[in-house]
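The structure appears below as structure tokens.
Below, chains carry the letters A, B, ... as their sequence lines are ordered, and counting in each starts from 1.
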There are 2 protein chains.
Amino acid sequence: MTQAKSPFNVVFVLFDNVTQLDFTGPAQFLCRMPGAKVHVAAASLDPVMTDVGFGIMPTVTFEDCPQADLLCLPGGLGVAPALSDDALIAFVRAQASAAQWVTSVCTGAFILGRAGLLQGRRATTHWGYTNLLPMVGALHEDARTVFDGNVVTAGGVTSGIDFALTIIAHLHGEDVARSLQLNFEYDPAPPFAGGTPVTSPPHIVQAMQTRFYDARSAEMEAALVATA
Amino acid sequence: MTQAKSPFNVVFVLFDNVTQLDFTGPAQFLCRMPGAKVHVAAASLDPVMTDVGFGIMPTVTFEDCPQADLLCLPGGLGVAPALSDDALIAFVRAQASAAQWVTSVCTGAFILGRAGLLQGRRATTHWGYTNLLPMVGALHEDARTVFDGNVVTAGGVTSGIDFALTIIAHLHGEDVARSLQLNFEYDPAPPFAGGTPVTSPPHIVQAMQTRFYDARSAEMEAALVATA
């Protein structure tokens, strides 16, 4: 257990078409971490449109954001276009240089990668994109949350909740993490086993791959090539 | 499996100091249910402040909201004050009268209760408040998601994700639910067993109860008495 400083600034970076649960899941748990203050940073204070169709109000602009102790990049379909957003990438790079923890959920990993932060690191991302990790110099590790030094990457979407609890346990110990699990009644009971390509029925994996992820992964690859 | 109509209007009702994951968790899954359209309804289109400290932009006002096929009330510390918000309660009652499904996550159950919608129903809510369910005429059933006719109530916060998947499986079958679990990589791996008063260590439950839930439950009880 490491002693965390207080206030401990948790900074989430938002961009249009973010998969909102990548951010809202870990934010719910991290905002109750002792001493933590959650900031939602974006280019301006205008609402950021999420993938669900509602906007989220940033709490701070890139310009006015305090130094993050924990920086977190969520993912989503907005990542590919965000890779060519120079202001966003510069913000991530500058914040990461002094953050205690540099983290991502889902395809947010590719924003870290684009900023040069995954070079030589073990990392993970959403299962539909893990094959692209070498394009940003990372080695895929097959785990829900991957620690490599101060860089922590999580798998797709709902992984963000487990990632947050893992960080909380690491910084504040088991009792605090257990208290927050109880507070948010986190005793998950998915109706079906599955949720990964290995544990889902093959016809489901095949359908998701051909209907969605072949095209999405190609789009991300093109964006990575264009911004390399 | 019931055939769902398309568009299938999913209406979440927001109010200040909502526990945002009560809403954002199920919204993430329900927005990808075939034919579904998610609406975020509030008294006005001004941002609604969440418990995490960021605002969410409603997509529609109570006045302009289409008839919900599935109405969902999230919970949070904002529920007790919302019980005396006559416009919100009237909206919930009117929507519920023609909705296919009337649902809640966490302490959102007490808004349904205040609107008279839990009378004689089996229901659940966040574990810290289950003892108050008889005040709104409901009988507590100890389950993560409780179906009683067209009324579906879920337990605390993260229960909302399992609730959404259960509804999706009910309306669209196992393959659609499994596909969305895979899409959002929902293969939860909490760092510790627990998350309920029965499965958490007694000293954790005791501490959460005395530090938080005794006072919160008393506040809800007073609000229920005041608006009965």
Side-chain angles (χ1 to χ4, degrees), chain A residues 19-21 24-25 27-29 31 37-40 47 51-59 106 126-127 144-145 155-159 161-162 165-166 168-169 174-175 177-179 181-197 199-201 203-205 207-208 212, chain B residues 19-21 24-25 27-29 31 37-40 47 51-59 106 126-127 144-145 155-159 161-162 165-166 168-169 174-175 177-179 181-197 199-201 203-205 207-208 212:
Chain A
T19 294
Q20 59 88 25
L21 190 54
T24 55
Q28 189 69 54
F29 284 78
C31 84
K37 181 164 174 50
V38 167
H39 305 270
V40 182
D51 68 320
V52 176
F54 63 82
I56 286 178
M57 300 298 291
T59 62
C106 199
H126 187 287
W127 63 264
R144 199 155 164 88
T145 305
V157 196
T158 57
S159 306
I161 292 174
D162 298 322
L165 280 163
T166 304
I168 290 166
E174 179 174 332
D175 275 14
R178 279 182 178 278
S179 297
Q181 282 190 223
L182 179 60
N183 194 44
F184 298 123
E185 214 160 321
Y186 189 50
D187 181 32
F192 305 103
T196 71
T199 54
S200 294
H203 74 281
I204 300 278
V205 180
M208 288 301 284
F212 293 103
Chain B
T19 294
Q20 59 88 27
L21 190 55
T24 55
Q28 189 69 56
F29 284 78
C31 83
K37 180 163 174 52
V38 167
H39 305 271
V40 183
D51 68 321
V52 176
F54 63 83
I56 286 178
M57 301 297 291
T59 61
C106 199
H126 187 286
W127 62 264
R144 200 156 164 87
T145 305
V157 195
T158 56
S159 306
I161 293 173
D162 298 321
L165 281 163
T166 303
I168 290 166
E174 180 174 332
D175 275 13
R178 281 183 178 277
S179 297
Q181 283 190 220
L182 179 60
N183 193 44
F184 297 123
E185 214 161 321
Y186 190 47
D187 181 32
F192 305 104
T196 72
T199 54
S200 295
H203 74 281
I204 301 277
V205 180
M208 288 302 284
F212 294 102

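For A:S179, the parts lying under 4.5 angstrom from a heavy atom of chain B are both the backbone and the side chain. For B:H39, no part sits under 4.5 Å from any heavy atom of chain A, backbone or side chain. Contact annotation for A:R178: both backbone and side-chain heavy atoms come within less than 4.5 Å of a heavy atom of chain B. Proximity to chain A (any heavy atom under 4.5 Å) is restricted, for B:V40, to the side chain, taken from C-beta onward. Only the side chain of B:I161 comes within less than 4.5 Å of a heavy atom of chain A; its backbone N, CA, C and O stay farther away. For B:T145, no part lies near chain A; criterion is any non-hydrogen pair under 4.5 Å. Heavy atoms of A:F29 lying under 4.5 Å from chain B belong exclusively to its side chain.
With a 4.5 Å cut-off on side-chain heavy atoms, B:F54 and A:T24 count as touching. Contact of the B:T158 side chain with the A:Q181 side chain is not registered, since no non-hydrogen atoms from C-beta on lie closer than 4.5 Å.
Annotation: maximal heavy-atom pairing with chain A below 4.5 Å, among B:N183, B:T59, B:T19, occurs at B:N183. In terms of heavy-atom pairs under 4.5 Å with chain A, the best-connected choice from B:G156, B:C106, B:A27, B:A177 is B:G156.
Smallest separation of non-hydrogen atoms from B:M57 and A:P47: CG-CB, 3.8 Å. Here the closest non-hydrogen pair linking B:I204 and A:D175 is CD1-O, 3.5 Å.
For A:Q28 (side chain) and B:L21 (main-chain N/O), a donor-acceptor pair under 3.5 Å exists by modelled atom type. No donor-acceptor pair under 3.5 Å is formed between the side chain of A:H126 and the backbone N or O of B:F184.
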Name the atoms and distances for all side-chain donor-acceptor pairs under 3.5 Å in residues 188-197 of chain B, with sequence neighbours left out.
| from | atom 1 | to | atom 2 | distance (Å) |
| --- | --- | --- | --- | --- |
| B:T196 | OG1 | B:V198 | N | 3.3 |
| B:T196 | OG1 | B:T199 | N | 3.1 |
| B:T196 | OG1 | B:T199 | OG1 | 2.7 |

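Legend: residues meeting salt bridge (Lys or Arg N to Asp or Glu O under 4.0 Å) with B:D187, ordered by chain and number and at least two apart, are absent.
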Q: Using the side-chain contact (heavy atoms from CB on, under 4.5 Å) rule, take A:L182 and B:W127 through it: C-alpha gap first, then chi angles, then the decisive distance, then the call.
A: CA-CA 9 Å; A:L182 179 60; B:W127 62 264; 3.5 Å; yes

